[in-house]
Amino acid sequence: MTPPQVDLAEPLRGGRPPHLHGGLSHRHFTRAFLIACIPPVAAGLVLYGQAAAGVLFWAALGAIAGEALAHHTAPPTARRSLAQSLLIGMLLGLTLPPTVPWYVPLLGGLTGVWICVGILGGSGNCLWHPALIGRAILQLLFGGQLAPRDWPVLISERVWSGSIHASLDAVYYRGYHWSKPPFGVEAWALDRPVDLLVGGYAASPPGSASGGLGWLELFRDHLPPWQDTLWGTVGGGIGETCTLALVLAGVFLVYRGGLRWRFVCVALGTVALLSAVLPTRTEDGLAWFPLLTAPGQFPAGVALMLFHLTGGGLLLGCLILAADPATTPLTDRGRLLFGVGVGALTMAARWFGLVPGSTYWAILAMSTLVPLIDRITKPRWRGQEPRCAQQRDPMPRHRAAKDGR
Amino acid sequence: AGEPDWVRVFAPAAGRVGDRAAGMSACGHALPTLELTPDSDQHSLGDTPAEVLRPQSGEAADRLARLGIGLDPSRTAQGSPSREGSRTWAIIDGLESAPYAAARTRTLIEHPTEIVEAARNLRDLLRTDIVYLAVDRARRTLVTELRRLAKAGDLCPTILPLANLYPRCHPRQLARLAADHNGPSVSASSVVAQAVFSTCELLDIHRGLRRGRPPLTQTLTIGGDVIQRPGTYRIPLGMSVGSVLQSVGLSGAPARFVAGSAMTGSAVRTLDAVVVRGIEGLFAWSSARVWERASSGCLRCGSCLEVCPVRIDPIGIYSAVEVGNRGEAMAASAETCLDCGLCDYACPAELELMAAVQDARSSQAWEVTR
């Protein structure tokens with residue numbers, strides 16, 4: 001028998017099984033989130049022009065500076081990457097109003113990344129989302145600037161290029177597409193829909209845009225048409241308002257495996273349910289729209305629910321920020337609990353008018369509970385194997401033709 | 001019948017199917033079947049150990065012995081439960097869910113009539129109550145053909161069309177799915193013995209008995225990016241791996257060479273290794289395609305929990321083993337692990353989760369035997 005004549009350029013390598021990998025990596029997640037940020041960032045640039053570009057730039061710069069600062073203090077095991085810092089800066093910028101001065105996003109990005117990476121050990125070790133930590137610090141330091149009285153949006157003739165500082169406070173605003181601005185005005189100074197709802201709830205909440213209102217005046221005279229929230233032409237943070245862009249980002253993240261659609265359904269469903277069953281606190285007392293109905297012809301219940309869903313930071317929080325795998329529970333059941341918690345805490349914060357940016361605080365609070373949720377929902381050994389319930393293909397990438405040749 | 005959610009399978013805790021005795025080859029126990037019996041050092045699981053299926057008639061046993069077909073003697077039964085009202089099963093595995101593997105399905109597609117005939121012989125030989133034939137349910141033509149063939153006889157074997165998901169080719173998963181297939185009418189706890197054969201092994205047994213000579217070949221899939229003519233081949237036992245590679249041709253220099261499944265096989269470091277029983281695949285990858293593990297810290301993504309077919313907590317066990325918390329690792333059911341490697345496959349941080357589970361399992365055995 002002839003000896004084998006096989007050319008071995010290098011000695012054969014050993015290695016423990018398995019010999020294949022599914023291809024998921026930290027870079028995969030970071031890339032997916034960076035791509036998902038594109039639609040809301042683009043919407044923010046269109047709606048708020050150079051001001052939004054400035055905020056996003058300073059936030060990203062701050063995050064990268066925080067990364068550089070963390071180089072000296074981070075534990076050796078901390079996962080650090082420039083792309084991750086850029087992502088954190090972008091996400092922080094998306095939650096901020098376009099009107100904040102340059103040092104606010106810079107400081108937010110720097111402190112958020114430095115605390116999470118430099119002190120707590122980076123993604124996987126840090127309980128909270130770095131962008132939300134940065135935002136929480138900013139809210140403590142510059143609370144008024146993060147919840148301004150007026151939220152400007154560029155008029156349709158001056159999108160991309162206009163200045164949000166040449167804004168007009170619209171007293172009788174009939175909606176973005178139906179209102180004609182006078183000459184020289186480049187932006188509408190609007191209210192954030194959710195702030196108006198909070199103002200309707202509490203007689204004089206801190207930092208709210210208006211005093212208490214009767215529900216009919218609120219819906220008829222003060223809130224914009226709900227369709228405006230789809231395009232984002234309402235007041236709000238840079239990445240908060242454009243529902244279509246956020247849904248696009250969410251669909252992409254679900255497709256790439258970063259976001260679980262069940263979590264989104266549960267979180268949004270909780271908010272929808274609570275807004276449908278909770279009474280509304282107005283100047284005239286409690287107004288209740290049971291099963292979304294209202295006296296007269298005005299569909300106040302439906303409008304209330306829709307504005308709660310799309311008029312604030314809920315979609316940005318649930319579709320992008322709460323999709324971060326490192327700060328959410330490990331199991332699907334845990335993520336459902338997390339979703340219920342985020343929805344309920346968001347509604348509680350709005351109902352009592354506690355803080356602006358209720359969803360962000362709700363996510364931070366629920367992230368704190370993640371170890372507890374994991375302990376409750378992790379699979380437990382019950383003495384016997386479970387049934388073979390796995391229905392999804394765990395390795396679609398490596399399924400080869402089974403016929404052989 | 002009273003266990004709708006949890007079905008008993010009398011399977012070894014750590015008697016891994018991949019763990020073949022090192023010296024087992026063509027000359028010794030030529031055809032070890034995959035048998036679900038407890039290992040001698042595992043006393044922790046299984047209050048009623050499985051009975052080993054052995055040929056009941058002396059003549060058949062003699063014929064098998066003459067052909068060199070035997071069962072691994074190290075896997076001995078721990079007791080002899082009453083057979084009254086109980087059942088014995090044999091499962092033929094035509095399911096091919098490991099990536100790139102094709103030998104079992106290929107054998108089934110090429111020789112359906114012979115396989116069905118062999119299944120009937122197996123039933124008579126081992127006197128089992130039921131013989132299942134597991135087949136990929138997506139192959140509708142094959143399923144229809146096998147059903148037709150089974151119907152032509154006395155409805156043996158029972159065709160078990162299953163979703164072709166890794167690691168359902170694992171004998172323990174197959175046994176569980178067969179129990180599920182029965183529904184609540186047949187209590188799985190009445191099954192006292194189960195044996196799992198691959199279609200390749202079964203065909204070898206069948207031909208050996210028919211021709212009266214021992215099976216001396218092994219059907220295996222050869223693949224990988226440096227193989228010129230990948231495919232399913234019948235290779236003589238004892239042929240060296242270098243000769244096999246030479247026959248199928250190489251288009252580049254292999255960096256890693258794996259004998260067995262791509263998920264559970266072992267890396268072979270010399271081309272002088274020979275083809276033995278139980279190897280159903282040979283894979284050669286170039287350095288560009290070979291996966292070199294670069295572990296980093298856990299991302300907390302939950303992928304390992306999601307893909308685990310037996311619903312254990314690989315990352316929990318990994319953390320416990322890392323800090324030396326043996327008690328927690330024991331409590332975390334490391335012994336249920338199938339060693340399928342899906343947790344490592346899915347982990348974005350490329351952690352050595354399966355190795356940690358095996359570590360936890362061995363430490364548990366150490367505690368028990370001590």
Side-chain angles (χ1 to χ4, degrees), chain A residues 1-22 24-26 28-29 77-79 121-125 325-332 334-335 378-379 381-395 398-405, chain B residues 5-9 96 99-100 102 105-106 165-166 168 173 176-177 180 221 230-232 240 242-243 245-246 250 253-258 262-267 269 271 290-291 296-303 305 307 309-313 316 332-333 336 341-342 344-346 348 355:
Chain A
M1 187 176 164
T2 53
Q5 298 294 317
V6 176
D7 170 40
L8 286 180
E10 50 181 317
L12 288 169
R13 292 182 215 165
R16 300 174 86 157
H19 303 283
L20 299 176
H21 190 254
L24 265 189
S25 67
H26 186 242
H28 165 97
F29 282 117
T77 54
R79 182 181 284 106
S123 178
N125 295 321
T327 54
T328 46
L330 288 166
T331 60
D332 259 0
R335 287 189 202 106
K378 259 190 184 177
W381 174 238
R382 302 190 196 178
Q384 279 169 330
E385 270 180 54
R387 280 171 181 268
C388 304
Q390 186 186 21
Q391 282 306 322
R392 215 174 60 182
D393 189 357
M395 41 190 354
H398 282 110
R399 295 295 288 272
K402 296 289 187 270
D403 279 351
R405 261 179 260 174
Chain B
D5 291 322
W6 304 90
V7 180
R8 281 182 163 195
V9 167
E96 203 75 69
Y100 306 130
T105 311
R106 191 74 194 150
L165 301 172
Y166 184 78
R168 289 197 170 173
Q173 292 267 298
R176 182 159 296 275
L177 286 160
D180 287 356
T221 306
T232 302
S240 80
S243 309
L245 284 185
Q246 211 179 0
L250 284 175
R256 184 178 292 175
F257 193 69
V258 171
M263 293 295 283
T264 57
S266 46
R269 303 192 69 166
L271 294 177
V290 73
W291 171 44
S296 58
C298 175
L299 274 177
R300 294 185 35 79
C301 64
S303 301
L305 290 159
V307 296
V310 288
R311 298 280 183 271
I312 62 172
D313 174 12
S333 68
T336 320
L342 268 183
D344 280 23
Y345 176 86

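Keep in mind that what you see is a predicted model, and the values were worked out from it rather than measured. So you know, we letter chains A, B, ... as the sequences are listed, proteins then strands, and number each from 1.
Heavy-atom distances place both the backbone and the side chain of A:R13 under 4.5 Å from chain B. Interface residue B:A262: backbone and side-chain heavy atoms are both found under 4.5 Å from chain A. Only the backbone of B:C298 has a heavy atom closer than 4.5 Å to any heavy atom of chain A. Contact annotation for A:T327: neither backbone nor side-chain heavy atoms come within less than 4.5 Å of a heavy atom of chain B. Heavy-atom distances place both the backbone and the side chain of B:S296 under 4.5 Å from chain A. Using a 4.5 Å cut-off between heavy atoms, B:L305 contacts chain A through its side chain alone, with no backbone atom that close.
The distance from the CG atom of A:L330 to the CG atom of B:L299 is 11.0 Å, given to the nearest 0.5 Å. Expressed to the nearest 0.5 Å, how far CG of A:N125 lies from CZ of B:R300 amounts to 9.5 Å. Put simply, CG on B:L342 and CE on B:M263 are 5.0 Å apart, with the number rounded to the nearest 0.5 Å. With values rounded to the nearest 0.5 angstrom, A:H19 atom NE2 is found 6.0 Å from B:R256 atom CZ.
For the pair B:P348/A:H28, no side-chain contact is recorded, criterion being any heavy-atom separation below 4.5 Å from C-beta on. When side chains are defined from C-beta on, B:T232 does not count as touching B:T105, because their heavy atoms never get closer than 4.5 Å. Taking 4.5 Å as the limit, every side-chain heavy atom of B:Y345 sits out of range of all side-chain heavy atoms of A:P394.
The greatest number of non-hydrogen atom pairs below 4.5 Å with chain B, out of A:G122, A:G124, A:P11, A:P17, is found for A:P17. By number of non-hydrogen pairs under 4.5 angstrom with chain B, the leading residue of A:A326, A:G121, A:S123 is A:A326. Your options are B:A355, B:A346, B:A255, and the one with the most heavy-atom pairs under 4.5 Å with chain A is B:A255.
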